[in-house]
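Some notes on the structure that comes next.
Note: hydrogens, waters and symmetry copies are ignored here, and every other heavy atom, side chains too, is used. Because the structure is predicted, anything quoted here is derived from the model rather than measured.
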Amino acid sequence: MLVFTPLAGSGRSDQTRPLCYLLTIDDVNILLDCGSFPPGTPTDKTDAYYSALKQQAPNVDLVLFSHGDTAHLGLYPYAHAKWKLTAPAYASIPVQAMGRMAVTEELKDLALEEQVLPPTDTSAEGEESYTEKYVATPHEILEAFDAVSTLRYSEPIHLGGKCQGITITPYSAGHTLGGTIWKIRSPSSGTIVYAVDMNHTKERHLDGTVILRASAGGGVFEGLARPDLLITDADRALTVSARRKDRDTAFLDLIATTIRTSHSVLIPCDPSTRILELLVLLDQYWSFQKLDTPICLVSQTGQEMLAYVRSMVEWMGGTVSKDEGAEIDTSKTGRKRRRDEEEDETAVGPMSLRFRHVQFFNDARSFLATNQPEEPKVILAVPYNMAYGPSRKIFTEIASDAGNLVVLPSMGEPGTLSHELFAMWNDRQTEADKWGKGKVGDVARIREELSITLNSKVPLTGQELEDFNAREQERVAKEREAAQRAALARSQQLLEADEGDSGDDTDSDEDDDEMAVDHALRGDSDDDMDQEIDPVAKRRGGSSMGHDWAMDDADSARHLSFDIYLKGNVSKAASFFKTTSGATQRFRMYPYVEKGGLKRKVDEFGETLDVGMWLRRGRALDEDAESEEVKEAKRRKREEEEAKKAPPEPPSKFVSEEVQVRVDCQLAFIDLEGLNDGRAVKTIVPQVNPRRMIIVHAPSEATDALVASCASIRAMTQQIFTPAVGETVTIGQRTNTFSIALADSLLASLKLSKFEDSEMAFLSGKVPAHGASSIPVLEPLSSTSHPLRLATPQADEAKQTRFSVASLPRTTMIGDLKLTALRSRLTALGLSAEFAGEGVLLCSGGGVGDLEQTVAVKKTGRGRISLEGSTGDVYFTVRDEIYALHAVVSQP
């Protein structure tokens with residue numbers, strides 16, 4: 001039984017992001033993505049999602065991530081740390097790294113504008129009450145993504161524990177580096193394919209999704225075809241995108257025209273995924289045109305992200321995977337190293353990922369302090385929706401210049417500044433040039449005044465700084481006093497524990513011996529002796545009645561205080577022999593440590609050993625053996641460590657101001673998100689041809705358009721579900737599964753036939769009763785026993801005759817024949833295969849008009865295949881290929 005519940009991003013919502021869905025397979029709860037809303041989203045839109053996820057998080061058994069941006073995994077670190085979302089999580093290698101950088105970038109940018117983490121000091125007067133931001137700490141982010149298991153494409157993983165029997169396999173989805181289509185196989189529910197945010201077109205740094213084969217034959221990838229359930233999106237079902245060549249040309253022409261007039265271009269972008277396509281496109285254009293205008297990347301994780309991307313070339317496609325650079329021979333080491341067109345020997349990696357024209361800035365303040373407004377430049381600033389961060393701040397600085405240009409590669413979520421600017425641009429387009437009509441559109445001149453809220457972190461001055469310093473001094477004094485009290489209490493406990501340990505063990509044993517002798521002389525029983533001895537009094541060295549020795553010990557410990565902790569107690573008498581007078585006392589001894597370390601160390605020949613000299617010599621030899629690359633890497637690491645040792649941040653506060661921005665710049669929208677449009681979606685889904693389908697991540701109009709398109713196809717399923725947020729869809733019935741082990745002798749006798757990711761065979765056996773075994777074992781039948789057979793008229797007739805009739809084995813073919821797959825296999829063998837109508841494939845040996853060697857393959861009904869033609873090489877070849885596309889099992 002399958003139960004599907006959208007927690008966010010349903011197919012009936014105007015707020016299509018974030019994406020988060022709960023899929024239940026029998027008793028296994030699988031969380032598909034775990035995105036977060038953009039900062040600043042009203043609480044009335046976020047509370048329902050956060051509350052639902054908080055309630056379901058402890059019950060989740062498996063988490064799968066499809067893309068490495070905040071819309072797909074932004075909330076995972078917080079839920080992992082606060083809501084006990086500790087189930088096993090899986091993602092591709094780039095998605096794990098890119099997701100960590102995206103969440104870290106969001107945290108660092110928000111920390112410069114508002115109080116995102118709970119304050120450590122809440123005693124300050126006049127401070128506003130803290131509102132939960134659902135943002136994890138840096139340590140929680142690292143801990144959460146370290147817990148994510150990484151996979152490679154087409155790598156099946158067989159889960160264990162509660163998920164026993166479920167297999168997950170990632171496939172390429174395009175759109176982002178490491179973007180994943182998840183294939184989930186369950187023994188009770190079949191195959192489920194989760195495919196959202198796909199891109200079938202090839203880009204500069206990525207290939208298209210694997211769901212469509214790039215070969216000449218085309219068609220759908222066999223491993224993802226005909227699933228029992230397809231979960232996909234319809235966000236762009238009503239959109240017709242312009243050609244990629246036209247979009248790239250318009251994008252570069254606008255930038256080149258603007259910088260030639262000594263003006264600047266602002267491009268809001270994301271910090272980890274789609275920014276790579278922009279950087280590769282700009283860097284290639286800059287190298288080709290020999291431009292010297294700086295490309296400024298304003299992001300706190302930009303350098304780290306690009307350094308990681310250079311090691312992920314195997315996950316890329318397009319021009320990046322083909323660009324490996326030239327190789328030169330170094331004069332000293334003789335090692336091969338890559339170089340670019342300018343023979344830069346320090347360049348390492350593909351030329352498309354070196355980005356020699358890019359300058360890096362951590363925040364908007366450092367960027368604005370370094371660059372003059374009148375200098376031309378191209379600015380890539382995060383985030384893409386301009387809801388906060390450097391892109392929002394830089395926009396307010398350049399928007400008033402009529403020559404500047406703002407290019408929006410993404411429309412952003414509703415309610416953000418980017419989406420508001422997109423609406424302004426779209427309103428100024430003609431009806432034929434509006435977005436989604438298949439054209440790029442024109443540049444719009446915006447002459448409006450916007451009211452924008454800017455949050456910032458400013459240092460304290462004047463009376464505020466003095467009040468802060470006074471509170472800080474008071475806090476430090478209280479902490480010091482508390483530390484002193486804790487140290488004094490700890491010393492007191494150590495002294496009291498030492499007093500009890502130093503003499504009580506020996507004395508108590510001797511007291512027990514004397515008390516036993518006294519009781520033996522008096523003739524008392526053991527019970528009376530046990531009742532007389534009080535455990536508390538015995539531990540204190542006396543009886544519970546009479547004098548309070550514990551109080552005396554406490555007073556004695558208070559009077560005995562030393563600067564150096566000395567074991568023992570001078571107030572207690574003890575001796576080797578038991579005495580009652582207490583004349584013999586044990587005095588304290590001042591501790592003395594022999595300074596053996598100051599002696600000269602010599603060997604057996606009297607030679608002085610200089611260990612430091614040998615260590616220094618060893619380090620020098622290691623440094624000489626290191627290559628130039630290792631030395632350069634170490635030098636850069638030292639520089640990064642020194643850069644991280646920043647001076648302590650001065651006392652500061654968060655302020656919010658409402659600024660009036662006169663927008664007089666040029667505005668353009670060029671779709672560079674890298675997603676399928678409506679034509680691609682309506683073509684791919686019928687070719688996948690699922691048995692059931694759930695549509696998510698789309699507004700209601702787009703969902704209805706995809707449903708109507710599928711309804712017009714006769715072979716397409718009619719079981720299409722479009723649940724709203726919080727609505728539950730139940731598919732199938734509850735199935736009980738049982739585990740059984742196969743005996744080795746039975747397993748060796750099976751004839752396995754491969755079908756997709758599984759191997760199948762027909763078997764007959766028995767389960768003996770073993771009370772000690774928790775899992776039943778299926779053993780082969782004995783030679784005298786026979787499997788049960790159904791009574792048939794042929795069997796009754798055989799009994800009445802004197803001749804025995806041997807029953808033939810019954811063969812079962814498992815699978816669904818796809819004529820397109822059969823045609824591809826026959827074409828590879830050199831046979832001619834052409835469709836002669838719906839559901840009919842004509843196969844021949846290649847000769848023109850050779851009807852004797854023509855075979856027709858027909859699908860006459862559900863599970864029925866008709867093979868017509870004269871017997872011969874073509875007939876048997878076609879038959880063998882049909883058998884190869886099925887799992888053939890025989891019943892003995």
Side-chain angles (χ1 to χ4, degrees), residues 154 156 167 169 171 181 183-187 189-193 210-230 684-692 715-717 750-763 809-846 853-891:
S154 303
T167 303
T169 309
Y171 294 95
I181 296 174
K183 178 182 178 181
I184 308 170
R185 287 188 60 86
S186 169
S189 303
T191 302
I192 301 101
V193 174
V210 74
I211 201 170
L212 285 181
R213 291 181 297 187
S215 60
V220 178
F221 178 65
E222 294 181 11
L224 299 175
R226 195 60 175 167
D228 294 281
L229 175 63
L230 173 65
I684 294 175
V685 170
Q687 292 188 36
V688 175
N689 195 18
R691 292 177 173 86
R692 303 175 188 87
M716 187 67 186
T717 180
L750 296 180
K751 296 181 180 179
L752 298 176
S753 179
K754 186 174 179 58
F755 175 67
E756 294 185 355
D757 299 334
S758 305
E759 290 183 330
M760 300 182 180
F762 185 88
L763 57 87
R810 194 169 52 186
T811 302
T812 303
M813 301 178 64
I814 302 174
D816 185 16
L817 178 64
K818 303 177 180 63
L819 295 181
T820 54
L822 178 61
R823 177 190 177 190
S824 300
R825 296 176 68 101
L826 294 176
T827 303
L829 294 176
L831 299 181
S832 175
E834 299 294 338
F835 286 102
E838 186 175 357
V840 179
L841 182 66
L842 291 181
C843 312
S844 62
Q853 292 293 326
T854 300
V855 178
V857 182
K858 302 178 182 179
K859 298 181 70 173
T860 58
R862 183 177 180 85
R864 293 183 176 274
I865 303 171
S866 173
L867 184 61
E868 299 178 357
S870 59
T871 57
D873 294 339
V874 176
Y875 179 88
F876 291 111
T877 301
V878 174
R879 188 193 64 176
D880 292 342
E881 291 301 321
I882 293 176
Y883 288 167
L885 292 173
H886 292 79
V888 182
V889 295
S890 299
Q891 177 182 353

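For the salt bridge (Lys or Arg N to Asp or Glu O under 4.0 Å) test, residues two or more places apart in sequence or in another chain that qualify with Arg823 are Glu834. Qualifying side-chain contact (heavy atoms from CB on, under 4.5 Å) partners for Phe876, counting only residues two or more places apart in sequence or in other chains: Thr871, Arg879. In this structure Asn689 satisfies the side-chain hydrogen bond (donor to acceptor under 3.5 Å, both in side chains) test together with Arg226, sequence neighbours excluded. The side-chain contact (heavy atoms from CB on, under 4.5 Å) search around Ala821 returns Glu222, Lys818, not counting sequence neighbours. Not counting sequence neighbours, Tyr883 has no partner by the ring-ring contact (aromatic ring centres under 6.0 Å, His included) test. Partners of Arg825 under the side-chain contact (heavy atoms from CB on, under 4.5 Å) rule, at least two apart in sequence or in another chain, are Glu881, Ala884, Leu885.
Side chain of Asp228 to backbone of Ile192: no donor-acceptor contact under 3.5 angstrom is found.
Counting heavy atoms from C-beta on, the side chains of Thr169 and Arg185 never come closer than 4.5 Å. Contact of the Cys843 side chain with the Leu831 side chain is not registered, since no non-hydrogen atoms from C-beta on lie closer than 4.5 Å. Phe221 has its side chain out of reach of Leu212: every pair of non-hydrogen atoms, C-beta onward, lies at least 4.5 Å apart. Between Thr191 and Lys183 the shortest side-chain heavy-atom distance falls below 4.5 Å. In this structure, Val857 and Val878 have side chains that are in contact, with non-hydrogen atoms separated by less than 4.5 Å. Inter-residue side-chain proximity for Val193 and Pro690 is flagged as unmet; no heavy-atom pair is nearer than 4.5 Å.
The distance from atom NZ of Lys858 to atom CG of Leu819, rounded to the nearest 0.5 Å, is 12.0 Å. From Leu841, atom CG reaches atom CG of Leu822 across 5.5 Å, with rounding to the nearest 0.5 Å.
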I would like to know whether Ile211 and Val688 meet side chain to side chain contact (heavy atoms under 4.5 Å, CB included); could you show each step before the answer? CA-CA 8 Å; Ile211 201 170; Val688 175; 3.7 Å; yes
Step by step, would you call Ile865 with His886 a side chain to side chain contact (heavy atoms under 4.5 Å, CB included)?
CA-CA 12 Å; Ile865 303 171; His886 292 79; 4.0 Å; yes
Full working for side chain to side chain contact (heavy atoms under 4.5 Å, CB included) between Leu224 and Tyr171
CA-CA 9 Å; Leu224 299 175; Tyr171 294 95; 3.7 Å; yes
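With no hydrogens or angles considered, no side-chain donor-acceptor pair links Thr717 and Arg691 at under 3.5 Å.
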